[in-house]
Amino acid sequence: MNEAPRSFQASNFAEHHQEVEIAREKLAEKSSVRDKLSAMKSLLGMISEGFNSSMVFPEVVKTIICPDPRVQRLVYVYLMYYAEFKPQEALLSVNTFQMHLKSDNAAIRAQSLRVLTSIRLP
């Protein structure tokens with residue numbers, strides 16, 4: 001009886017790992033906004049299901065410079081979740097957050113401030 005759940009968990013882990021690698025490719029600098037949006041939705045879906053997707057944290061931080069506000073909002077949600085666990089990596093994007101504090105879009109300003117306040121300095 002215990003073997004069936006283990007194999008099920010192993011297949012879930014393999015599928016999850018494959019999805020993370022696909023998201024990593026979609027977050028590449030030369031990807032389209034549509035691909036980046038799809039990747040961020042996929043990553044946030046994995047987080048909501050309890051899977052760890054922190055291994056693509058550096059790629060997500062690089063995605064913050066995407067000009068599309070929909071992608072930026074999803075990146076901010078991701079960063080708010082993982083900023084507590086990876087404060088050193090989150091500090092790499094502080095300059096971008098500061099630039100977004102001057103944005104015309106109130107939602108981007110608010111989320112930028114929210115992420116900046118959620119980064120815990122060691």
Worksheet item: Around E49, counting heavy atoms of other residues, nucleotides and ligands shown, do more than 12 lie under 6.0 Å from its CD?
Response: yes
Worksheet item: CZ of R34: more than 12 outside heavy atoms within 6.0 angstrom?
Response: no
Discussion item. Keeping Q72 on the side-chain end and C66 on the backbone end, is there a donor-acceptor pair under 3.5 Å?
Written reply: yes
Discussion item. Looking at Y81 and L44, would you say the former's side chain and the latter's main chain have a donor-acceptor pair under 3.5 Å?
Written reply: no
Closest approach of [X] and [Y], non-hydrogen atoms and distance?
{"X": "F57", "Y": "Y82", "answer": "CE1-CB, 3.6 Å"}
{"X": "R73", "Y": "A107", "answer": "NE-CB, 3.9 Å"}
{"X": "K62", "Y": "E29", "answer": "CD-OE2, 4.4 Å"}
{"X": "L74", "Y": "M40", "answer": "O-CE, 3.6 Å"}
{"X": "K26", "Y": "A39", "answer": "CB-CB, 3.6 Å"}
{"X": "V20", "Y": "S53", "answer": "CG2-CB, 4.5 Å"}

Ignoring hydrogens and angles, write down the donor-acceptor pairs under 3.5 Å from the side chains of residues 94-103, residues two or more places apart or on other chains.
| unit_1 | atom_1 | unit_2 | atom_2 | d |
| --- | --- | --- | --- | --- |
| H100 | ND1 | Y76 | OH | 2.5 |
| S103 | OG | N105 | N | 3.1 |

Worksheet item: Between R24 and E21, is there a salt bridge with N-O shorter than 4.0 Å?
Response: yes
Practice prompt. Output all residues satisfying side chain to side chain donor-acceptor pair (under 3.5 Å) with R114, sequence neighbours left out; order by chain, then residue number.
Written response: none
Practice prompt. Give the cluster check for V61 versus V33: same hydrophobic cluster or not, with ILVMFWY residues linked at side-chain heavy-atom distances below 4.5 Å.
Written response: yes
Worksheet entry | Verify same cluster id: F85, M55 (apolar side-chain graph, 4.5 Å) | yes
First locate atom [atom1] of [X], then atom [atom2] of [Y], and finally report the distance between them rounded to the nearest 0.5 Å.
{"X": "L43", "Y": "S48", "atom1": "CG", "atom2": "OG", "value": "11.0 Å"}
{"X": "L37", "Y": "L27", "atom1": "CG", "atom2": "CG", "value": "10.5 Å"}
{"X": "L116", "Y": "M80", "atom1": "CG", "atom2": "CE", "value": "11.5 Å"}

Worksheet item: Quick one: which of I64, I65, D35, T63 gives a side chain to side chain contact (heavy atoms under 4.5 Å, CB included) with V71?
Response: T63
